[in-house]
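Down below is the structure, laid out as structure tokens.
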Amino acid sequence: MPGSWLDELNPAQQEAATCGQGPLLVIAGAGTGKTMTLAARVAYLLEQGVRPDRILLLTFTRRAAAEMLRRARGMSGRPAAENVWGGTFHAVANRLLRIHGRALNLPPDFTVIDQADAADMMSLIRSELGLASRERRFPRKETLVSIYSRMVNAQEKLRGVLDVHYPWCVGQIDGIAQVFEQYGGHKQDSHVLDYDDLLFYWEALCSAPGVGDKVADRFDHILVDEYQDTNAVQAQILLGMRKHCNNIMVVGDDAQSIYSFRAATIRNILDFPEQFPGTRIVKLEQNYRSTLPILAASNAVMAAARERYTKELWSERPSDQKPVLLTCVDEAEQSDIVCRQVLEHLEQGIALQRQAVLFRAGHHSAQLEIELARRNIPFHKYGGLRFVEMAHIKDLLAVLRIVENPFDQVSWFRVLQLLDGIGPKTARQIMGALGIGRALPAIRDEQGTAPGLPTPLRSMVAEPPDVPPAAREAFAELRAALAHCCGVTGQPPADEDKRTAAKRRGSAPPVASQIERVRHFYQPLLERKYDNWRIRQRDLEQLEQIAARYRSRGRFITDLTLDPPTATSDLAGAPYLDEDFLILSTMHSAKGLEWDAVHILHAADGMIPSDMALSDEAGLEEERRLFYVAMTRAKDWLYVYFPLRYYRRPSGLSDKHHYAQLTRFISDPVRALFEQQTATAPIDTGEEEPISRHKVQARLKQLWTD
DNA sequence: CATTTATAAATTTTT
DNA sequence: TTTATAAATG
């Protein structure tokens with residue numbers, strides 16, 4: 001008998017949750033209880049006696065999966081829900097490939113590299129090929145990765161990708177093709193997979209004879225959230241996983257597709273019924289989240305979309321409070337008013353955690369962050385520059401990655417160049433001497449068949465190569481740190497040879513202790529490299545704390561690349577950090593979340609829609625959906641801020657500025673649905689703002705104009 | 001000759 | 001604030 005929790009669902013939600021066998025497509029508009037429905041589906045399946053480890057729940061973030069399983073546990077009262085396979089496509093791919101990768105000739109010790117690492121590898125290849133110094137500038141390494149990623153994810157030809165999305169690179173097509181050619185080999189030599197490989201190899205796993213059946217046979221039910229933001233490869237994976245179980249449920253909303261830059265395509269959700277014959281379609285159209293006025297404004301924004309969507313979102317939450325459009329003089333005033341608005345709600349009893357500030361790009365919140373810090377308002381920021389992308393974190397992790405995977409060229413290259421007197425050239429020499437990369441492929445081949453021979457790591461410890469005098473001391477430190485992390489401290493290397501790799505890992509010290517040792521090696525380099533090394537040191541300490549939760553170094557590294565933690569909120573001021581904090585988030589990272597009060601910054605053309613996205617029609621439409629996603633996060637209060645004036649240079653004496661235009665998404669009919677306020681309030685009695693600054697600047701100007 | 005230092009330029013969104 | 005290029009240094 002189904003539990004009483006089913007009664008809390010509306011008919012459409014119940015239908016989706018208790019649907020029988022076969023493919024199921026759920027079109028779920030914003031705020032229609034999608035998460036609850038998915039959780040209910042999991043709970044229902046468990047009650048029906050489906051084994052938890054035969055359910056696969058694919059979500060956009062690990063957090064989303066955890067949240068859904070938590071709810072499913074609450075509904076079904078079955079702790080067994082913990083054994084449900086949940087996570088992102090990438091994380092699940094990683095897990096499956098660890099188990100079955102041997103069938104595809106994947107090295108058992110492969111590590112996963114993120115986009116920045118992939119970019120570094122592209123750069124490595126670019127300089128090896130001598131493409132860096134040409135008369136016309138070769139694409140940046142980040143651009144190379146983007147092109148490559150789009151190519152493999154959308155399964156398009158290089159030529160086509162360049163023509164459509166990177167027309168300024170078309171002239172360099174031969175060089176680009178050369179780099180990509182080498183890239184595959186370099187990854188293989190380095191025993192690494194990039195994000196795209198994870199999906200690609202999973203797909204390959206499905207179609208491999210023998211193993212393909214085994215993999216597909218692992219699951220009886222597959223549930224996919226946010227299906228509008230999956231790409232062609234991910235759809236192929238689902239098709240490949242269908243062999244035995246046809247019970248595939250996908251949930252999504254074509255109006256909320258915001259990841260086409262990652263080659264996501266709404267074709268997936270639109271074509272699902274054809275790809276999976278016999279699909280049952282359920283639409284969730286009742287919005288439980290937002291008040292009517294907020295919903296009306298959001299719908300009005302979408303009404304102007306090129307393609308109209310067939311859903312009719314409705315709500316039963318009337319309210320007198322329209323969304324508010326706040327026009328302010330400039331960015332400084334915007335920050336000021338956001339703070340005051342947030343605090344006002346806090347006084348009304350809306351905790352900071354139930355409020356969020358959303359913006360298009362990570363740096364759009366920079367001014368606000370300073371203002372929040374000044375007023376001791378704690379906040380957490382999601383999206384934008386993340387922890388693992390910071391140079392010092394990457395430096396330290398690179399050392400760990402070397403221990404985990406001694407063939408990782410990018411990490412060696414990075415770590416070696418940290419040392420005094422070692423640049424690209426010497427780093428390559430040392431790597432060659434250690435047998436890393438293509439310099440000495442013979443040694444690597446023997447490695448596979450004759451496990452007794454020294455790996456790069458062992459030769460590093462036992463017979464180190466020569467280094468420039470300036471680097472000797474630090475190099476010795478590095479060797480000691482590496483030795484410690486392998487667990488060979490104090491023991492003669494001869495003793496090591498007898499053990500298997502697995503045993504060696506077992507004897508390695510705890511991950512946190514490894515980081516502590518690496519930090520000891522890194523500390524002097526950190527202090528020399530950065531003026532603000534104290535702040536960065538705190539980050540490294542925090543990394544060590546995160547590591548303390550892990551038993552396996554490999555797991556730690558993989559988790560960090562597949563599910564990176566958000567940036568530290570140093571500015572919030574640690575002493576004042578209490579339980580409650582305001583949420584700052586990019587619009588992308590806000591997907592699937594909701595708050596009582598939502599503040600949207602920079603509703604100006606050029607910010608949203610972003611200038612970068614305006615090159616084609618599709619880009620503009622995606623920006624519109626993005627704005628729609630941001631608006632529909634709000635339950636009771638929605639504030640949209642529009643600064644009139646932007647300064648060209650954020651700092652500096654020139655007071656050049658330009659006037660902004662209200663975002664084109666708030667057209668006149670849309671604007672009528674907002675309550676409009678102009679912030680003319682006297683600003684912060686303590687110090688007047690831009691006016692006095694201009695006076696000072698004018699006075700300074702006289703010094704050189706007269 | 002390779003590395004370091006100085007200078008200029010650029011800067012969406014994320015697994 | 002990071003990153004590519006140019007000049008300077010050891």
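It should be emphasised that the depicted structure is a prediction, and the values quoted were computed from it without experimental measurement. Proteins come first, then strands; the chains are lettered A, B, ... in the order of their sequence lines, and each starts at number 1.
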Remember a base hit wins even if backbone is also touched, and classify [X] as base, sugar-phosphate or nothing at under 4.0 Å, heavy atoms.
X      : answer
A:K591 : nothing
A:P424 : sugar-phosphate
A:F89  : nothing
A:R536 : sugar-phosphate
A:E622 : nothing
A:I422 : sugar-phosphate
A:T426 : sugar-phosphate
A:D420 : sugar-phosphate

- Stacked cation flag A:R555 on A:Y550, 6.0 angstrom / 45 deg: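 No, a cation-pi geometry is absent between A:R555 and A:Y550.
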- Item | side chain to side chain contact (heavy atoms under 4.5 Å, CB included) partner of A:V250, the single match among A:L58, A:V224, A:D225 |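 Going through A:L58, A:V224, A:D225 one by one, the side chain to side chain contact (heavy atoms under 4.5 Å, CB included) with A:V250 is satisfied by A:V224 alone.
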- Aromatic plane relationship, A:Y639 with A:H599 - under 30° parallel, 30 to 60° tilted, over 60° perpendicular: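 The rings of A:H599 and A:Y639 lie parallel, inter-plane angle below 30°.
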Grab the [atom1]-[atom2] distance between [X] and [N] for me, whole Å please.
X      : N      : atom1 : atom2 : result
A:L418 : B:dT4  : CG    : C1'   : 15 Å
A:R428 : B:dA2  : CZ    : C1'   : 13 Å
A:H364 : B:dT13 : NE2   : P     : 8 Å
A:Y382 : B:dT12 : OH    : C1'   : 21 Å
A:Y530 : C:dT1  : OH    : C1'   : 11 Å
A:D229 : B:dT14 : CG    : P     : 12 Å

- Message: Check this for me: does any side-chain nitrogen of one of A:R633 and A:E594 sit under 4.0 Å from a carboxylate oxygen of the other?
- Response: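 Judged by the 4.0 Å cut-off on N to carboxylate O distance, A:R633 and A:E594 do not form a salt bridge.
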- Message: What I want to find out is whether A:D229 reaches A:R262 closely enough, with some N-O distance under 4.0 Å, to be called a salt bridge.
- Response: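 Between A:R262 and A:D229 there is no salt bridge, as every charged N stays at least 4.0 Å from the carboxylate O atoms.
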- Message: If you assign each of A:F60 and A:R360 to its closest nucleotide in DNA chain B, which residue comes earlier from the 5' end?
- Response: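 Taking each residue's closest nucleotide, the earlier one in sequence belongs to A:R360.
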- Task: Between A:G423 and A:D196, just flag the one whose closest nucleotide in DNA chain B comes earlier from the 5' side.
- Result: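 The residue closer to the strand's 5' end, by nearest nucleotide, is A:G423.
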- Query: Can you tell which of A:Y382, A:F627, A:F261 makes a ring pair (Phe, Tyr, Trp, His ring centres under 6.0 Å) with A:H588?
  - Reply: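 It is A:F261, the one option of A:Y382, A:F627, A:F261 that forms the ring pair (Phe, Tyr, Trp, His ring centres under 6.0 Å) with A:H588.
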Of all the choices, [options], which nucleotide is nearest to the side chain of [X] once you look at every atom?
X      : options                : result
A:M612 : B:dT14, B:dT15, B:dT12 : B:dT12
A:K425 : B:dT3, B:dT13, B:dT11  : B:dT3
A:A361 : B:dT12, B:dT3, B:dT14  : B:dT12
A:S610 : B:dT3, B:dT12, B:dT13  : B:dT12

- Query: Now, which nucleotide makes the Watson-Crick or G-U wobble pair with B:dA10, with each of the two distances under 3.5 Å?
  - Reply: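 Because both required distances fall under 3.5 Å, B:dA10 counts as paired with C:dT1.
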- Message: Under 4.0 Å from OP1 or OP2 of B:dT14: is there any side-chain N or O of A:S589 that close?
- Response: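 Answer is yes, contact under 4.0 Å.
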